[in-house]
Each structure stands twice: as C-alpha cells, then as structure tokens.
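Read the numbers this way: they start at 1 and go in the same order the structure lists the ligands and their atoms. Because the structure is predicted, anything quoted here is derived from the model rather than measured.
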Amino acid sequence: MQENILDILKEKEQFHIIEHLESLSEKEAAKLTEQIEAIDWTFLDYLKESPKKSSVIEPIPALQIKDIDNMSETYKTIGSKAIKDGKLCLLLLAGGQGTRLGHDKPKGAYNMGITKDLYIFELLIEHTMDVVKMTDTWIHMYIMTSDINYHDTISFFKEHNYFGYNPDFLHFFVQELNPATDFDGRLLLSSRDSLALSPNGNGGWFSSLKRCGLLDTILSSDMEWINVFSVDNVLQRIADPIFLGATIHSKKMCGSKVVYKASAEEKVGAICKENGKPHIIEYYELSKDMMYQTNEDGSLAYGYGVILNYLFPIHRLKETLDIKMPLHVVKKAVPYINSTGELITPTEPNAYKFETLALDLIHEMDDCLVYEVSREKEFAPVKNRVGVDSVDTARELLSKNGYTL
Ligand code: UTP
C-alpha cells in the first residue's frame with residue numbers, strides 16, 4: 001500500500017479502510033486507492049460543530065402575482081425578445097438519486113400517467129416546447145446527471161425521440177461525486193473495490209459545467225441568463241418569458257420563483273436577506289417570532305417559499321467559480337457493504353452525504369427579484385411516493401390543470 005495513502009487514512013481515522021485494503025487483490029486495491037486519492041477531505045470538517053456566525057436576517061419584498069399580472073404584457077415582450085436573441089439557456093438539475101421516491105431509474109423517467117404514459121421528463125420538455133413554439137426559437141438545455149444515472153438518462157431521452165425536442169439543443173453532463181460516511185465519519189464501501197459515492201448536491205452545477213467544457217461554449221455565445229430548475233416540479237413553467245422579462249426589467253441581479261406559504265409553519269425554505277444579501281432561511285432556522293411576523297398588509301414577513309426555479313446572470317456566476325461552495329450534511333439511506341462483505345440496503349437513513357445546494361448561489365448575488373407564482377398552477381413537486389409532495393398530490397394538481405393522466 002502506498003505510504004502517503006496510508007498516512008492520510010490514519011490521519012483521517014479511516015482504520016477500517018486500511019484493514020480492508022489489505023484484504024484486496026492488487027487490481028481491487030488499485031481501484032479503491034484511486035478513489036481515495038481523489039477525495040477532497042475538507043468534507044469531514046463539516047461534521048465538526050462550527051461556531052454560529054452572527055447575521056442580520058430581514059424580510060425581502062416580493063413581486064406579487066397581482067403586480068405581475070398588471071405588467072405581464074410588458075414583461076412578456078422583454079422576455080420573449082431576450083429568448084429570440086439567444087440570451088437564455090436552461091439548466092435541468094437531474095443528478096439527484098430520488099431516494100424518497102424509491103424509483104430505480106432517473107426520477108425524470110418516472111411515469112406520472114395512469115391510463116397513458118406521461119413521464120416527468122416528457123412534461124418538462126412539453127412545458128419548454130410551449131415557449132419554443134411561442135418564440136419560434138430553440139433554447140439550449142443543459143441536463144445535469146450524475147455518473148450513476150447518466151447513461152440511463154440519455155438512453156431514456158433517445159428511446160423517446162427526445163420527446164420532440166431538437167437534440168442539438170440538449171446537452172447532457174455529469175456532476176461530481178462525494179463519499180458518504182456513517183454517522184461516525186467513517187467512509188462507506190459500496191462494494192469490495194469501491195467507496196459509496198453519491199452526487200455532490202445540486203449546487204455544484206456551475207463548476208461541473210466548467211469542468212466538462214460546456215461553460216466555454218456558453219461564454220462564447222450570446223447567452224446571458226440561465227434558468228435553473230429541478231427535475232421534480234411537474235407543473236413548473238420553464239424559460240418563462242414573463243419571469244425573464246420581469247427580472248430584466250427589475251434590474252436585479254437574479255430572480256427566484258416563490259410560492260406563498262400554505263401556513264406560517266410550512267416546512268419550506270423562505271427567501272429573505274442575510275446581511276443585506278438574498279438568502280434562503282430553512283424553516284427550522286426561523287424563530288417563532290419570525291415565523292409569525294407579518295408585513296403591514298398582514299401577510300407573513302417570511303412567507304415566500306422557494307421552489308427551485310431561478311434565473312442567474314452568467315457573467316456573475318463566472319465570478320463565483322473561485323468560491324468554495326459550503327457543504328450541507330444530510331442524512332440519507334445509503335447501501336453499503338458491512339465488515340463481512342454483505343451488501344446492506346437500509347430503508348432508514350444510515351449515512352451522511354455531503355452536498356452543495358443551489359440556494360447558496362443565491363447568496364452570492366447582490367440582490368434578487370422575488371417573483372411570486374401560483375402554487376396551484378406552478379408547484380407540484382414529486383418527492384415522495386405517497387403523502388405530502390408525492391406522486392399522488394402531483395397527479396391531483398396535474399388533473400386540476402387540465403392534464404389527462
Ligand atoms: P432533492 O433535494 O429532492 O434530492 O433534489 P434528490 O436526490 O432528487 O431526492 P431525495 O432527497 O434523495 O429523495 C432537488 C433537485 O436537485 C437535483 C435533483 O435531481 C432535483 O432536481 N439534484 C439533487 C441534483 O441534480 N444533484 C444532486 O446531487 C442532488
């Protein structure tokens with residue numbers, strides 16, 4: 001075993017891996033060693049208690065639906081022109097593992113139909129096609145997958161003839177992986193010669209775009225805005241010209257679609273300001289006072305929940321490339337092999353994953369247009385199979401919006 005790898009593993013208290021390496025053939029050990037060498041160990045720092053930084057949290061005003069409706073024609077004209085001029089591209093975040101849904105294929109390949117096929121990817125492409133047809137302009141869509149679902153995602157699109165989208169405008173790329181650990185910070189193995197590696201979260205898409213060379217093409221084009229969205233909101237409007245127009249018109253640096261909370265206690269991240277910068281505060285970080293605090297008109301001061309649909313200016317994102325995105329430690333169910341080599345597939349969280357989050361990019365912007373959309377018309381997340389934010393609730397909302405399932 002290489003001396004330096006041994007030293008690192010000792011320093012990081014990964015004694016079980018040292019022991020395991022000794023039991024491997026040369027070929028197996030070489031593969032595992034290569035993975036270990038690629039690790040950026042700073043992720044382990046996130047398991048340590050870090051001192052709370054002091055911050056001033058304040059509400060941020062939102063552009064409400066009624067204000068948007070009054071100006072919609074103006075915004076639409078501005079947004080449509082920008083699209084026609086090739087200023088907008090799209091970024092679909094599809095690298096997640098969808099563990100809560102429990103589907104063994106990419107989440108986008110989940111069939112929302114009941115009497116016919118209606119896949120999540122199909123719905124997202126349909127929504128985009130509405131704008132393509134309206135503006136008579138193909139819009140480049142970058143689709144982030146992980147190593148784990150890359151081939152399945154591409155084959156699925158091919159098999160379905162890209163759901164009618166122009167394949168020259170669809171670009172698939174892969175995000176990086178981070179190791180997962182048990183609750184004591186010990187690396188997990190997914191097989192004898194491989195660590196349990198998981199996608200590194202949805203915040204690393206911009207640096208992944210750079211790493212795979214696609215950013216250079218974007219930077220040498222006319223594109224100025226990037227609309228980032230998640231795979232699992234089946235009702236969202238993508239490349240929404242009104243949202244784009246409103247963001248450009250506002251002269252704010254970026255835009256975030258939000259929905260007004262269903263109740264003060266709803267468990268969603270609320271948009272606000274932290275030390276003067278746009279910020280997303282998690283529901284569990286809100287004090288009771290803040291949770292129920294109201295504006296003059298009686299609405300909740302921290303009442304706008306983010307739905308993971310953002311507009312970012314590409315020039316500003318470029319400046320954030322040198323910033324190391326913080327990692328968030330999340331508890332997830334991660335399959336692993338135990339000390340006797342048996343593969344364990346837990347149903348409850350057993351591991352920490354280390355993820356960057358798209359919402360941290362918002363904090364790197366000077367200001368943000370908080371853009372309210374109707375929950376019933378634009379927010380149907382598919383997170384779980386049943387219950388809250390599930391296939392069932394999303395199907396109900398799709399039906400209410402006129403879809404035949
Ligand atoms: P979620 O936070 O819902 O995570 O992702 P998930 O992995 O899809 O699902 P669970 O938590 O395991 O059930 C929100 C969005 O971010 C993308 C997802 O594909 C989804 O569009 N995402 C998440 C990535 O692209 N990469 C990641 O590493 C994680």
| message | For atom 7 (O) of ligand 1, what's the nearest protein heavy-atom neighbour? Residue, atom name and distance, please. | response | Gln97 N, 2.9 Å
| Which residue owns the protein heavy atom closest to atom 12 (O) of ligand 1, what's the atom, and how far is it? | Thr99 OG1, 2.5 Å
| Centre of Tyr302's six-membered ring, under 6.0 Å away, within 45 degrees of the axis: is that where NZ or CZ of Lys261 sits? | no
| task | Identify which of Gly96, Gly98, Gly108, Gly95 has a heavy atom lying nearest to atom 9 (O) of ligand 1. | result | Gly98
| Interfacing atoms of ligand 1 (cut-off 4.0 Å, heavy-atom, Met144) | 25 (O)
| task | Of the side chain and backbone of Ser230, name the one, both, or neither that has a heavy atom under 4.0 Å from an atom of ligand 1. | result | both
| query | Can we call the ring centroids of Phe163 and Tyr165 under 6.0 Å apart? | reply | no
| query | Relative to the heavy atoms of Val231, which atoms of ligand 1 are at a distance of less than 4.0 Å? | reply | 19 (O), 21 (O)
| query | What do you reckon, is NZ of Lys12 surrounded by more than 12 foreign heavy atoms closer than 6.0 Å? | reply | yes
| remark: The closest protein heavy-atom partner of atom 2 (O) of ligand 1 is Arg100 NH2, 4.0 Å
| Just which atoms of ligand 1 are under 4.0 Å from any heavy atom in Asp232? | 3 (O), 20 (C)
| query | Taking the inter-plane angle between the rings of Tyr352 and Phe183 on a 0 to 90° scale, is it parallel (under 30°), tilted (30 to 60°) or perpendicular (over 60°)? | reply | tilted
| field | atom 16 (O) of ligand 1: the protein heavy-atom neighbour that sits closest, reported with distance to 0.1 Å | value | Asn202 ND2, 3.1 Å
| Side-chain donor/acceptor of Gln14 to backbone N/O of Leu187, under 3.5 Å | yes
| field | Atoms in ligand 1 with a heavy atom of Gln175 nearer than 4.0 Å | value | 24 (C), 25 (O), 26 (N), 27 (C), 28 (O)
| query | Looking at Leu93, which atoms of ligand 1 are within less than 4.0 Å of one of its heavy atoms? | reply | 17 (C), 18 (C), 19 (O), 20 (C), 21 (O), 25 (O)
| Can you list the atoms of ligand 1 that are under 4.0 Å from a heavy atom of Lys383? | 1 (P), 3 (O), 14 (C)
| field | Proximal candidate to atom 4 (O) of ligand 1 [heavy atom criterion; set Lys332, Glu355, His103] | value | Lys332
| Phe156 vs Tyr119 aromatic rings, parallel, tilted or perpendicular, using cut-offs 30° and 60°? | perpendicular
| said: For Leu93, run the side chain to side chain contact (heavy atoms under 4.5 Å, CB included) check against Thr145, Ile143, Asn202 and tell me which one passes. | reply: Asn202
| request: For the residue pair Tyr260 and Tyr304, categorise the inter-ring angle as parallel (less than 30°), tilted (30 to 60°) or perpendicular (more than 60°). | output: perpendicular
| Minimum heavy-atom separation for Pro313 to Met365, with atom names? | CD-SD, 3.9 Å
| request: May I ask you to list the atoms of ligand 1 that are less than 4.0 angstrom from any heavy atom of Gly201? | output: 26 (N), 27 (C), 28 (O), 29 (C)
